[in-house]
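Structure first, then comments.
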2 protein chains.
Amino acid sequence: MNPVTLKQIAEELNISVATVSKALKDYPDVSKKTKALVKELARTLNYKPNTFAVNLRTRESKTIGLVIPVIVHHFFSNVIKGIVAQAEKKGYLVIILQSNESYELEKKQIDLLLNQRVDGIIISLANGTADFTHLKHVLEMGKPLVMFDKIAKIVPCSKVVIDDRKAAYLATQHLIDTRCTRIAHFRGALLPQNSIDRFLGYKKALLDNGLPYDPSLVYICECDDRSFEEGQENARQLLKDHNDVDGIFINTDLVAIGAMTEFNKQGVNVPEDIAIVGFSNWFMSSVISPTLTTINQPGVQMGKAAFKRLYREIKAIKKNKPIAPKVITLETELIKRESTK
Amino acid sequence: MNPVTLKQIAEELNISVATVSKALKDYPDVSKKTKALVKELARTLNYKPNTFAVNLRTRESKTIGLVIPVIVHHFFSNVIKGIVAQAEKKGYLVIILQSNESYELEKKQIDLLLNQRVDGIIISLANGTADFTHLKHVLEMGKPLVMFDKIAKIVPCSKVVIDDRKAAYLATQHLIDTRCTRIAHFRGALLPQNSIDRFLGYKKALLDNGLPYDPSLVYICECDDRSFEEGQENARQLLKDHNDVDGIFINTDLVAIGAMTEFNKQGVNVPEDIAIVGFSNWFMSSVISPTLTTINQPGVQMGKAAFKRLYREIKAIKKNKPIAPKVITLETELIKRESTK
DNA sequence: AAAAGAATCGAAATGGTTTTCGAAATCACC
DNA sequence: GGTGATTTCGAAAACCATTTCGATTCTTTT
């Protein structure tokens, strides 16, 4: 019922609390005899150090914070999984908060985590975040910060990303290679860096191949919980606006699947009439018909990488050896399936 | 940089630490004058109580633990969202761990959380969990425990569930009402209570309507990350085994969608040849073609209810007014769509 | 003016662990 | 036996906030 303390062990053995503590941690200045006695009794009494006291003393909580825009999302839930798994390996626990794509909430969550005195924070920014003082605040407190996916280049912290621009370039190039000449783009919201980069990759691929860039072929979607419907709506609008588009590079798979559903409904054949490349390699992409060509975005891996980096920085700060921010870029690949020729 | 402490405020104002603490907490034995002074200085210095010290003193962490079989799952990620949101409202943070459907891991996670001295634990059991001593251990430590979805009836703790048996009965009845006479069932793994209950509801509906129960019409799937493929495989097998089945009640939407895909591939029409009812109301169910009739399983609501209950029990235990376990059953509904006539 | 009452404050213990530093005990060696 | 080196241990401070209880001051009443 009442947890065992060092004091109880000490009294039982008629030695001091200090010696018990040191015995359990294998300090060299405790004899083998007493070490054995202490350890034995600790085991039988099922002694577990009081985390609160340890935290207070060591000034660390062996806990990290994670702030993401949405939890119910295939990519983000994969990232969670990666972070939690990796953290557990190193004896860290993860507190998860959801910013709901709101800057205000994000600020509040960061505050909560700092108050909780987590050892570090991993974050993927809300779409609406344009001010970064709350993030700089984290760094000023001497806490490591790692951003992933939706990052802010301006914040001097480590980041885990994929080369969105390159991946988008590859995707668009693939459409061009399969004889598409008029290629549209369904892009994400305006602010997030990855949404911008994917757009730039798309544009560059067009120009590098001597194709004109036509802004009227770029459609925006918020990519929130209405993603599928946004895909349908954009597809509908596209068919109204342009009858000559033969390929689309779409910011994310769910939107792409929405678009494909709409095309299917309207008798537009994929890939014969319009070829489609998605982004993220959601598991449903390999399962619908036609299967969706897409860019693989390795969520679990990104989560693991983010924690690994955070862990290194936590250790570094502990040793007063601050570390320079590092941008870790994970490999992606184009996965060719039936939605392109 | 270095967080402000009560001591610093006290020295600045030439009063004692005790008075500062009491002033900030509006104790009646501090004059309005000093209260104002202290609060003013605390604000300008941006004082935040050291959580570690507060935890140690109050013996609570304002943190709860959550153990779920899988994070990357539409239902569970919805539950996470509900729990995290509700917890935040009450000033609680949530530590999430994944048991990976492994009993061994689940036991370890519980241990981790108890060591961390969380104020309570919410859990959905792994499929393989058949021994419950680790859960009873939580209760013996005087920590409240709430189970949801995959529960163990035998453990005397509060539970948040839906009436799986009734829901399954409704689903099957709906198939019968739409003139299905030979109805198969794709059930979940053998151990989980909800998988058993859904099977029993299916069976009872058949018998109540004078239809024979045929065990060969019941197919098992693990409902792990291969759910979609399991749906396809079971559908394939079903077509081989029986040519007279005209309806299926399927344990979960993703499996159902896999099955529908397979039927579609083989030229079997849904709902004309075979009608299908799924379970859980995954958002894709309303989006595929044909849209899937299903049972709504309110993940976010269940999460919220689970935390609310846990919160009540935490408060009760704090006041030494232990509370009797309660089973909270949330309402579900049959959502009729195109996959049934 | 004295006694009783109320208002205001602070010393100190508490929670449990970690770690420094000094003391005591043991051993080795001449 | 004395000197120095080595083991082995424990007192105590530190981490920081909370809370009890006693002490002091001020106000009121008789």
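Everything numeric here is computed off the predicted structure, so don't read it as measured data. Computed from heavy atoms alone, side chains included, the values below leave out hydrogens, waters and symmetry copies. Proteins get letters first, then strands, A, B, ... in listed order; numbering begins at 1 in each.
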Just how far, in rounded Å, is [atom2] of [N] from [atom1] of [X]?
X	N	atom1	atom2	value
B:Phe52	D:dA14	CZ	C1'	15 Å
B:Lys25	D:dC16	NZ	P	18 Å
A:Ile9	C:dG16	CD1	P	13 Å
B:Asn115	C:dG16	CG	P	15 Å
A:Tyr27	D:dT8	OH	P	16 Å
A:Leu13	D:dG10	CG	P	10 Å
A:Leu24	C:dG16	CG	C1'	13 Å

Subject >> Aromatic plane relationship, B:His134 with B:Tyr103 - under 30° parallel, 30 to 60° tilted, over 60° perpendicular >> reply: perpendicular
Verify, without hydrogens or angle tests, whether [X] (side chain) and [Y] (backbone) share a donor-acceptor contact under 3.5 angstrom.
X	Y	answer
B:Ser21	B:Val17	no
A:Ser77	A:Val72	no
A:Gln193	A:Ile151	no

Original post:
Salt bridge between B:Asp26 and B:Lys39, side-chain N to carboxylate O under 4.0 Å?
Top reply: yes
Original post:
Given B:Arg117 and B:Glu60, is the salt bridge (Lys or Arg N to Asp or Glu O under 4.0 Å) satisfied, shown in steps?
Top reply: CA-CA 7 Å; B:Arg117 282 180 161 70; B:Glu60 51 177 21; over 6 Å; no
Extract from the structure each pairing of a protein N or O with an N or O of nucleotides 25-27 of chain D at less than 3.5 Å, listing the distance.
none

Can you give the donor-acceptor pairs under 3.5 Å from side chains of residues 89-96 of chain A to other protein atoms, not counting sequence neighbours?
none

**OP:** Only one of B:Glu313, B:Arg312, B:Lys326 passes side chain to side chain donor-acceptor pair (under 3.5 Å) with B:Ser158; say which it is.
**Re:** B:Glu313
**OP:** Encode nucleotides 9-15 of chain C as B, S and - characters from 5' to 3', where the letter depends on protein heavy atoms closer than 4.0 Å: B to the base, S only to sugar-phosphate, - to neither.
**Re:** BBB-BBB
Subject >> Side-chain N,O (A:Tyr47) to OP1/OP2 (C:dT17) below 4.0 Å >> reply: yes
**OP:** Would you check, one step at a time, whether the test salt bridge (Lys or Arg N to Asp or Glu O under 4.0 Å) holds for A:Lys22 with A:Asp29?
**Re:** CA-CA 8 Å; A:Lys22 285 190 285 192; A:Asp29 62 344; 3.3 Å; yes
